[in-house]
Amino acid sequence: MMEVWNLKKLLSLYALVGGLAIALLAAGADLIGFASLLGENGAWRNHFFLLGLVIAAIGVTTDFAFGERLLFAWLRPIVRDWQGLAKFASLIAQLGLLTVIMRLCYLEHHAFYHQVMSLTFYGFIIHHLLPRAWRLHFFILLSLAGLLSVFGFADSAWLLGISLVLIGICHAPIPFWARVTILLAAGGFLTAARFGYVAVPWTKAIWPILASMFMFRFIIYLYDFKHHKAPVGLVNTLSYFFLLPNVAFPLFPVVDYSAFRRTYYNEDEYRIYQTGIKWMLWGVLHLLLYRYINYYWVIGPEKVHSTYTLVQYMVSNYLLILRLTGQFHLVVGILHLFGFNLPRIMDVFLLSTGFTDYWRRVNVYWKDFIQKVFYYPAYFRMRKVGNTAKLVVATLLGFLVTWFFHAYQWFWIRGAFMLSLPDILFWLCMGLLVLTNSLYEAQYGRKRALVKGAATLREIASKTLRATGVFVVISLLWSLWISPSVSEWFDLLKSAEVTLPELAITLLVVIAGLGSAMLVYEKSLQPSAANPHGGAPAFFRFAAPTAAAILILYFLAQPTYAFRLGASASDLIADLKTDRLNERDAALLERGYYENLTNVSTFNSQLWELYMQKPDDWIPLEETSAVRQTHDFRKYELVPLLNGTVKHAPFITNRWGMRDDDYEQMPPANTYRIAMIGASVAQGSGVLHEESFEYLVEKRLNQEPRGGKYAKYEILNFAVGGYNILQQLAALENKVFDFKPDMLFCMSHTRDEDRLFKFLLETPFQAIPYEGVRQIMRTAGVTADMKTNRAAKLLEPYNGEIMSWAYQRIVENCRARGVVPVWICLPSEPGLKDTKRAASLAAVAAEAGFIVLNLIDAYDSAPGAYLQVTPWDKHPNAKGHRLIANRIYAALLENQDKIPLGFSGAAKLSASKAE
Amino acid sequence: MTEATKATVKDYILREFLPGENPAALTDSTPLISGGILDSLSTLKLVTFLEEKFGVQIEAHEADVEHLDTITNIAALVHAKKA
């Protein structure tokens with residue numbers, strides 16, 4: 001009889017849990033990549049969802065009917081705990097708003113703000129409602145769902161398989177040294193696979209995640225396992241290696257296993273969750289601040305010429321670390337939501353008052369790892385050596401290991417071992433500075449206090465001065481670290497004309513900034529009036545500041561409210577909500593320079609992440625067989641009559657070497673012919689020819705009868721990917737005019753000047769066929785044998801003048817042949833709207849004599865991320881091209897008085913309705 | 001024995017790392033490592049003191065928050081080593 005009852009009890013439980021699981025899987029099928037299993041377009045989703053609910057209802061009914069009433073026993077304490085429910089509701093509201101904010105801001109990447117945050121939000125609610133004994137199991141399932149959602153089934157299965165094998169070796173019933181040996185052999189195999197020496201069936205996308213899970217955590221796990229520092233077991237172990245946020249943030253590899261276990265629900269659960277929300281808010285704020293600095297403040301070394309620009313370069317590039325700190329806060333915050341009350345990973349390191357203090361605060365988890373596994377063992381091993389010698393050896397060993405592991409981490413994530421002199425020098429200098437500071441502290445001690453009293457102004461001033469010293473030195477070292485070579489770092493320092501008054505002013509500004517921050521920080525450490533003993537405040541008082549900040553951020557992220565702050569503030573908020581590269585990185589990406597980014601300057605850059613996603617055969621046009629050498633200034637042109645593939649899209653050219661339909665060289669009678677010059681966007685990079693705006697505008701001109709004087713309109717696409725304005729000019733003079741166009745579309749975008757600048761620096765002075773350009777370069781002081789860096793600094797102020805010269809030459813050519821010159825400006829990429837630069841270029845074009853169509857608003861109706869070919873290729877996709885085509889067509893109609901397309905009068909009336 | 005050990009350790013910590021602080025504010029359960037009083041350097045100093053004073057040998061993996069975070073933990077470690 002007992003067995004029957006147990007069966008009934010278990011059946012009702014299984015029905016309840018299984019039914020809820022089916023309903024949840026159906027509801028979240030999109031999220032974890034299961035939608036295709038639920039019929040075409042998820043047609044069966046609702047059926048499965050209802051089926052799950054029915055099964056769960058059967059479970060509830062049988063549970064109630066058979067008298068065990070497990071569900072009620074489970075829910076009763078939850079429902080009766082009104083205070084707990086109120087806290088839980090407050091946490092859900094805060095987390096929900098944070099999730100919306102992250103989505104509105106497209107924070108980091110799609111895998112994070114969509115998949116991981118959705119799983120976090122819904123997972124947090126379910127996780128909290130589960131009995132404590134089930135929570136860790138659920139966390140593992142949630143982490144696996146995260147893997148599935150980001151990598152799909154095949155890669156996730158491989159990742160899970162490899163992980164289980166590695167963990168299995170770790171627990172094999174053989175001596176410890178044998179396990180380590182087998183693990184090293186497995187590591188050797190994976191290394192060979194990472195180098196590409198061994199073919200593996202999984203994609204390269206999982207390497208960073210696999211590495212993030214195991215490259216350091218395995219060392220810590222083995223250490224703790226060997227010394228019995230924390231309990232192990234399948235659930236504990238899997239939850240340690242499979243951390244949900246890792247699928248989006250591979251640069252979070254180090255977590256101490258014993259701390260991970262020790263801090264699991266080690267205090268009131270609501271307080272742990274609230275702390276997590278607070279860290280997540282900090283993460284969001286750091287990432288938004290990072291965007292501000294990255295979009296508006298960061299400059300490249302070529303822009304350094306004075307004290308101020310040198311300081312701007314050093315400080316802004318150093319502060320890009322905010323992206324990493326933001327990510328770390330998000331990861332630790334998310335883990336708190338599942339009970340892992342881990343310590344803070346970074347501790348206001350910008351206010352460090354010494355180099356040891358900086359080392360302790362900049363990455364607490366890393367410092368703890370090095371200290372535990374290398375520093376202490378080295379120190380303790382040298383028992384017969386003097387204290388000072390032990391300190392020197394252990395400290396230097398710690399930094400040697402840090403340098404090596406940094407390169408090792410880079411290898412697993414990037415696939416190439418990093419060995420650069422600036423990197424070695426950076427860690428050497430850091431090691432020596434920390435060592436010197438440690439020796440001083442060992443000799444003279446450090447002030448500590450049991451109860452934090454109010455700091456005096458003198459103390460704050462002293463701390464500010466020390467923090468300024470550390471900040472200046474670290475910024476300087478950072479600039480060395482991000483330099484491609486030591487000589488280029490020295491060139492950078494030499495190129496700035498530093499004056500003492502400017503230096504003094506800059507230093508005062510830094511002191512003022514850090515002093516203010518120090519005052520606020522010291523104040524925050526004082527016990528508040530409401531909580532004079534400094535103990536933990538009540539939950540809602542603890543939650544209030546975070547909740548208020550989230551609410552403010554939420555309203556600011558809403559365009560309706562942001563608009564009320566004024567146009568410029570609203571524009572700034574809109575830009576900060578956009579996930580994009582800064583101008584410099586975008587230019588590098590566009591030109592394919594990410595291929596060669598192997599130096600540490602990419603440590604904080606988003607470029608390498610895009611590079612990681614890029615398929616190996618996704619190469620720039622000029623490196624494909626779609627082009628041939630011209631042996632002139634143009635360098636290359638499209639191969640005629642090509643039928644191939646470029647960037648995974650069919651690439652067909654006509655007999656004249658245009659990516660276009662076939663045309664006769666002479667225009668047919670009663671035909672209005674437009675020739676278009678431009679670069680990759682105009683050429684339709686990444687989309688089908690039939691999806692390109694050139695095709696769409698031409699089609700629309702011919703399909704919508706205007707009752708005008710022309711029977712047909714032709715747009716001949718002479719654009720070639722990678723061409724700058726001078727190459728386009730050369731194509732115009734050598735080729736385009738042979739086709740007798742009536743009008744010229746000169747397609748421009750807001751990075752044309754940068755592209756021209758780079759081209760001129762790479763082209764031998766003598767190879768430039770235009771005397772006008774050579775003359776401007778001579779005026780700038782550029783000589784044939786000059787080094788690139790020097791030439792760049794001299795030429796930069798004259799870049800606009802060369803653009804102007806090229807525009808004038810194009811207009812003169814057109815006028816001489818009766819061709820109407822029209823200049824059309826587009827954003828350089830979807831989501832990057834540089835209104836000022838577009839206006840400035842438009843002024844130059846207008847002055848040269850172009851009819852100007854400034855279409856910088858072409859992509860305004862949709863977020864940039866939805867209009868790009870791929871995350872690593874920012875060219876407009878088919879939807880982007882449709883928006884461009886609509887905008888050009890509307891502009892042509894609006895400007896019929898200036899652009900003689902021969903439409904009838906009625907067409908003019910419809911211009912306003914064109915869109 | 002344990003109380004005497006605690007008193008010795010407390011006296012050392014107050015003298016070496018917290019000069020001028022109110023002795024009553026340092027209790028047997030005051031967090032030393034997680035509370036920021038003991039950093040890596042002071043932890044090593046404390047370990048050297050414990051080894052010399054009590055004639056025990058502390059291993060590297062024992063210099064952690066589990067064994068040294070409070071005076072009670074420290075005394076327990078010393079006691080276990082001497083047992």
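Source: prediction; values computed, not measured. Just so it is clear: chains get the letters A, B, ... in the order the sequence lines come, proteins before strands, and each one is counted from 1.
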Any heavy-atom pair between the side chains of B/Gln57 and A/Arg383 that's under 4.5 Å?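 Side-chain contact under 4.5 Å: yes.
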Are any of the side-chain heavy atoms of B/Val47 and A/Tyr379 separated by less than 4.5 Å? no
Nearest 0.5 Å, please: how far is [atom2] in [Y] from [atom1] in [X]?
X        : Y        : atom1 : atom2 : result
B/Lys45  : A/Leu391 : NZ    : CG    : 10.5 Å
A/Tyr376 : B/Leu44  : OH    : CG    : 5.0 Å
B/Leu41  : A/Thr395 : CG    : OG1   : 7.0 Å

More than 12 foreign heavy atoms under 6.0 Å from CH2 of A/Trp427: is that the case here? yes
Just wondering, more than 12 heavy atoms not from A/Tyr440 lying within 6.0 Å of its OH?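 Atom OH in A/Tyr440 is not crowded, with 12 or fewer foreign heavy atoms closer than 6.0 Å.
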Just so I understand: if I count every heavy-atom pair under 4.5 Å between each of A/Ser258, A/Gly445, A/Ser438 and chain B, which residue has the most?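 Counting heavy-atom pairs under 4.5 Å, the top option is A/Ser438.
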With a 4.5 Å cut-off on heavy-atom pairs, point out which of A/Lys372, A/Gln371, A/Glu441, A/Arg262 contacts chain B the most.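 Of A/Lys372, A/Gln371, A/Glu441, A/Arg262, A/Arg262 has the most heavy-atom pairs under 4.5 Å with chain B.
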Measure A/Arg360 against the heavy atoms of chain B and call it side chain, backbone, both or neither at under 4.5 Å.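 A/Arg360 touches chain B through side-chain heavy atoms alone.
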For B/Ser40 and A/Tyr375, work out which heavy atoms get closest and say how close. CB-CE2, 4.2 Å
Indicate the ring-plane relationship of B/His61 and A/Tyr223, choosing parallel, tilted or perpendicular according to the 30° and 60° boundaries.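 B/His61 and A/Tyr223: perpendicular rings.
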Report which part of B/Thr30 has an atom under 4.5 Å of a heavy atom belonging to chain A: side chain, backbone, both, or neither. side chain
I need the residue from B/Glu62, B/Glu66, B/Glu16 with the largest number of non-hydrogen atom pairs under 4.5 Å to chain A. B/Glu66
B/Asp39 pairs by salt bridge (Lys or Arg N to Asp or Glu O under 4.0 Å) with which of A/Lys367, A/Arg448, A/Arg361?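 Going through the options one by one, the only one that passes is A/Arg448.
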